[in-house]
There are 2 protein chains.
Amino acid sequence: MQSRSPETPDQASDLFAYAVLLRALNRELNKATLDFAHRQGLHSTDVHALAVIMDPAASADGPVTPTRLREELGLTSGAITACLDRLQRSGHVSRVRDTADRRVVHLAYNPDARALAREYFSPLARATESARSRFTPEQLSTIAAFLRALNAELAAGHEPQP
Amino acid sequence: MQSRSPETPDQASDLFAYAVLLRALNRELNKATLDFAHRQGLHSTDVHALAVIMDPAASADGPVTPTRLREELGLTSGAITACLDRLQRSGHVSRVRDTADRRVVHLAYNPDARALAREYFSPLARATESARSRFTPEQLSTIAAFLRALNAELAAGHEPQP
DNA sequence: CTAGTATCACTCAATCATTGAGATAGTTTA
DNA sequence: TAAACTATCTCAATGATTGAGTGATACTAG
């Protein structure tokens, strides 16, 4: 530990400071999401749901279904139904019955939701671009590797939760 | 767009993939928070509030007040009061009047909330430790620098929001 | 020093998202 | 075919959140 004065930034190389940084990041992203929700007149739940439906990483393993959304958002089925009702009424997503298993509903976002998505994603993209510009391609690849590793670790940590 | 095959990892060095990684991280952290909230019988709002009150990064500029919490969580004053009532009733935080400005309330978390905090923070710490172990100190310092830069950019992005 | 204004936290009735137990329709197993 | 299972939806009850307004404290100008 070579931290000498309070403002030496290299203290951030220890575990505790890392966790603090990550939670701060989490807070900033949540705040951005809330801001967006308020501007759009949507509930934060609905925006979180939209993010899951729209984000390629979330829909990596197949189309998103209400059950998938329930797991992702930690809500009960009743709440998911209400949330989807709101999103459908406001024209952001539609429910499409699976052809193979007709119990299953696939969630598709409508064309006009794309503009919404762009507006939602762009502040993060802008901030990310700004931060990225200060690092070399090699460094950026290291950082991406870390983020991937961390995501994998966190995802693994949830699994054994009955 | 130079992505060749789905599993090539070096696609993650472009901006789009970065944003996807960051949102995935955000989702994982939120999910961890929700799990914790459910286990503790707390509302997600209350856990978010606790996180703000407990986290050193959040309380960097002075003690946390209800107004600060309102800005951070994007709720109205009525909701904040109710949330603090719950947290106080369950013994996690106490309200302390500021001595200088007696309109202001400072939020302090009680000793028994420390154990709660440890349990809340430890899964993230464990995952972070695991991910960190695969990188050199120099790389870790680069990654921390990026996280700090990104947080600063995101924080700056919120300011001009009236 | 005093009136006027701003700020901080709180109150309370109304609103509306969420819960949780069940109903419904579809699928798989025996 | 009947039984067991699964995915989604329904709906009354619950309770968190809203939003306007209150009381208390602080600042500021005259």
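What you are looking at is a predicted structure, and each value in this text was computed from that prediction instead of being measured.
For A/Y18 and A/F146, the ring centers sit closer than 6.0 Å to each other.
The side-chain heavy atoms of B/T65 and B/L107, taken from C-beta on, include no pair separated by under 4.5 Å. Using a 4.5 Å heavy-atom threshold, the side chains of B/L73 and A/N30 count as separate.
The environment of B/F16 atom CZ is sparse: at most 12 non-hydrogen atoms of other residues, nucleotides or ligands sit within 6.0 angstrom. Around atom CD of B/E129, more than 12 heavy atoms belonging to other residues, nucleotides or ligands sit under 6.0 Å away.
Between the C1' atom of D/dC9 and the CD atom of A/Q88 lies a distance of 12 Å, rounded to the nearest Å. Note: CG (B/L69) to P (C/dC10) measures 11 Å, nearest angstrom. Distance, A/H38 NE2 to D/dT18 P: 6 Å, rounded to whole Å. Rounded to an integer number of Å, the gap from CD of B/E71 to C1' of C/dC8 is 12 Å. Look at NE2 on B/H48: it is 11 Å from P on D/dT17, rounded to the nearest Å. The interatomic distance linking B/R70 (CZ) with D/dT17 (P) rounds to 15 Å, in whole Å. D/dG19 atom C1' lies 14 Å from atom CD1 of B/I80, rounded to whole Å. Following rounding to the nearest Å, B/L73 (CG) and C/dA9 (P) show an atom-to-atom distance of 14 Å.
For B/R86, taking side-chain heavy atoms from C-beta onward, the closest of the listed nucleotides D/dT17, C/dT11, C/dA17 is D/dT17. Ranking C/dA17, D/dT10, D/dT17 by closeness to the B/T45 side chain, first place goes to D/dT17.
Comparing B/C83 and A/D85 by the nucleotide of DNA chain D that holds the closest heavy atom to each, the one mapping nearer the 5' end is A/D85. Summary of the strand contacts: B/A82 and B/S77 both lie near DNA chain D, and taking for each the nucleotide with the nearest heavy atom, the more 5' one is attributed to B/A82.
Checking A/Y120 against A/T33 by side-chain atom types alone, a donor-acceptor pair falls below 3.5 Å. Looking at A/Q139 and B/Q139, their side chains never bring a donor and an acceptor atom within 3.5 Å of each other.
Residues from residues 97-106 of chain A with heavy atoms under 4.0 angstrom of DNA chain C, sorted by number: A/A100, A/D101, A/R102, A/R103.
When heavy atoms are screened at a 4.0 angstrom cut-off, B/L75 is found touching the sugar-phosphate backbone but no base atom.
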